[in-house]
Student: 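Here it is, the structure, as structure tokens.
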There are 2 protein chains.
Amino acid sequence: MKKSAIRVLQSLQQAGGFASAQEVHQLITGKGDRIGLTTIYRALQSLQEEKLVDVLRREDGEAIYRLCGEAHHHHLVCKKCGRTVEIYGGAIEKWADAVADEYSFREVEHSADLFGTCSQC
Amino acid sequence: MKKSAIRVLQSLQQAGGFASAQEVHQLITGKGDRIGLTTIYRALQSLQEEKLVDVLRREDGEAIYRLCGEAHHHHLVCKKCGRTVEIYGGAIEKWADAVADEYSFREVEHSADLFGTCSQC
DNA sequence: ATGAAAACGACAATCATTTTCATTTCTGGT
DNA sequence: ACCAGAAATGAAAATGATTGTCGTTTTCAT
Ligand SMILES: [Zn+2]
Ligand SMILES: [Zn+2]
Ligand SMILES: [Zn+2]
Ligand SMILES: [Zn+2]
């Protein structure tokens, strides 16, 4: 693991939720530590490939990242305040398997996200 | 309704599914009709406010639009050859509603896509 | 110590989207 | 038809996130 990736992971941990690349950069440089924005982007990309961070999009299209447990799950995200619920298990897993089976696809992965308005917004 | 908005609606209808602003522009200018990209963006924004089009984001963040009321469906995509199956209905719709209900989210939309290897690859 | 390979970061490039602003088209009253 | 003001248009510039380039620095095994 690259040390820049570790620094990014730590700042994401500190952020506690979703943060954009620029916000991660500010979190690190705000402490006096020095790191380039380019390195942040590269670290986030690696972490994404290693499935250590989740990626979503704000409404304006900006990518936001956060630490992610290794267990497979889905997200229910409030469009307004960003509150996020992680959804584990459920009928979607069976549905995905059933669809893959019906069309004879193998090694099928899936992504699914729900976006709405939470009860407090 | 502005006439530019109508032209955009028609090309979205012709597209049959999701299309980006640039794709809409190409659909119109490709026929010899002339319209500015700026106008496309403005028309899509109005149509979005009037709730006549839905907007989603591609993985790279680009906004894609489709007619509201266009039949909702999901995709099963072969990672190797690109073959795509459209999936209508199924357990995922109930799952999404159930999850939204469980967490008291309102106006919940969802996206879900399956990626695997088709029987011919 | 030395050289190769990986990581780094300043800067430029790219690309979608927005803003600006001058020009064109529409509209209503005369 | 004529004309002024309003609305719409679109070319070009601005913006902002993300990616590419490339020279420099760090790491690491020999
Ligand atoms: Zn909320
Ligand atoms: Zn799942
Ligand atoms: Zn295939
Ligand atoms: Zn669905």
Side-chain angles (χ1 to χ4, degrees), chain A residues 1-12 15 17-68 75 77 79-80 82 84 111 113 115, chain B residues 1-12 15 17-68 111:
Chain A
M1 168 99 64
K2 290 188 270 199
K3 78 178 183 214
S4 62
I6 292 174
R7 290 208 277 166
V8 168
L9 278 184
Q10 288 173 339
S11 66
L12 278 179
F18 284 104
S20 68
Q22 316 259 355
E23 287 163 351
V24 168
H25 186 240
Q26 288 173 333
L27 276 177
I28 295 179
T29 56
K31 293 188 190 310
D33 296 350
R34 309 176 76 263
I35 194 172
L37 185 55
T38 311
T39 302
I40 304 283
Y41 274 108
R42 277 195 290 244
L44 286 169
Q45 213 165 329
S46 318
L47 291 169
Q48 190 181 341
E49 283 158 9
E50 298 170 59
K51 307 218 189 289
L52 293 175
V53 303
D54 273 342
V55 186
L56 283 182
R57 297 259 167 199
R58 293 209 172 114
E59 279 200 18
D60 66 355
E62 187 180 6
I64 50 180
Y65 308 81
R66 76 164 175 185
L67 292 182
C68 177
H75 292 130
V77 186
K79 283 179 182 175
K80 296 188 178 171
T84 302
S111 67
D113 295 290
F115 303 93
Chain B
M1 168 99 64
K2 289 188 270 198
K3 77 176 185 218
S4 60
I6 292 174
R7 290 208 279 167
V8 168
L9 278 183
Q10 287 172 339
S11 65
L12 278 179
F18 284 104
S20 68
Q22 318 257 353
E23 287 164 352
V24 168
H25 185 238
Q26 288 173 330
L27 275 177
I28 295 179
T29 57
K31 293 193 187 308
D33 295 349
R34 310 178 80 262
I35 193 171
L37 185 54
T38 310
T39 303
I40 303 283
Y41 276 108
R42 278 195 286 242
L44 285 170
Q45 214 165 327
S46 316
L47 290 169
Q48 194 181 337
E49 283 158 10
E50 298 170 58
K51 307 228 187 280
L52 292 176
V53 303
D54 276 340
V55 58
L56 281 183
R57 296 262 168 198
R58 292 210 172 114
E59 281 200 13
D60 66 355
E62 186 180 6
I64 50 179
Y65 308 81
R66 73 168 174 189
L67 293 182
C68 267
S111 65

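Computed from a predicted model, the values in this text were never measured in an experiment. Chain A is the first sequence line, chain B the second, and so forth, proteins listed ahead of strands; every chain is numbered from 1.
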Student: Could you check A:A5 against B:Q45 and say which one's nearest nucleotide on DNA chain C is further toward the 5' end?
Tutor: A:A5
Student: Which of these nucleotides, D:dA12, C:dA7, D:dT18, is closest to any side-chain atom of A:R57?
Tutor: D:dT18
Student: When the distance from OH of A:Y41 to C1' of C:dC11 is rounded to whole Å, what number comes out?
Tutor: 15 Å
Student: Is the side chain of B:R57 donor-acceptor paired with the backbone N or O of A:E59 at a distance under 3.5 Å, no angle test?
Tutor: yes
Student: For A:I35 and C:dA7, give me the distance from atom CD1 to atom C1', rounded to whole Å.
Tutor: 11 Å
Student: Specify the separation, in whole Å, of atom CG of A:L37 and atom C1' of D:dA17.
Tutor: 9 Å
Student: Could you state the CD1-P distance from A:I40 to D:dT19, rounded to the nearest angstrom?
Tutor: 14 Å
Student: Quick one: is C:dC8 close enough that its OP1 or OP2 comes under 4.0 Å of any side-chain N or O from A:T39?
Tutor: no
Student: A:K3 NZ to D:dT25 C1': how many Å, rounded?
Tutor: 9 Å
Student: State which of D:dA12, D:dT18, C:dT17 makes the closest approach to the side chain of B:A63.
Tutor: C:dT17
Student: Within the 4.5 Å heavy-atom criterion, are B:S4 and B:R42 side-chain neighbours or not?
Tutor: no
Student: OP1 or OP2 of D:dA17 less than 4.0 angstrom from a side-chain nitrogen or oxygen of A:Q22, does that happen here?
Tutor: yes
Student: Could you tell me how far apart B:L44 (CG) and C:dA16 (P) are, to the nearest whole angstrom?
Tutor: 14 Å
Student: Which base, if any, makes a Watson-Crick or G-U wobble pair with D:dT30, both distances under 3.5 Å?
Tutor: C:dA1
Student: If you count every heavy atom of other residues, nucleotides or ligands that lies below 6.0 Å from A:E50 atom CD, does the total exceed 12?
Tutor: yes
Student: Would you indicate what A:S4 reaches in the nucleic acid, counting non-hydrogen atoms under 4.0 angstrom: base, sugar-phosphate, or nothing?
Tutor: sugar-phosphate
Student: Tell me: CZ of B:R7 to C1' of D:dA8, nearest whole Å?
Tutor: 12 Å
Student: If you look at every strand shown and take non-hydrogen atoms under 4.0 Å, does B:R42 touch a base, only sugar-phosphate, or nothing?
Tutor: base
Student: Taking the side chain as every heavy atom from C-beta outward, state whether B:M1 and B:L52 have any atom pair closer than 4.5 Å.
Tutor: yes
Student: Just the rounded figure in Å: distance from C1' of D:dT24 to CZ of A:R34.
Tutor: 14 Å
Student: Could you tell me if the side chain of A:L9 sits less than 4.5 Å from the side chain of A:V53, heavy atoms only?
Tutor: yes
Student: Side chain of A:T38: nearest nucleotide among D:dT21, D:dT18, D:dA8?
Tutor: D:dT21
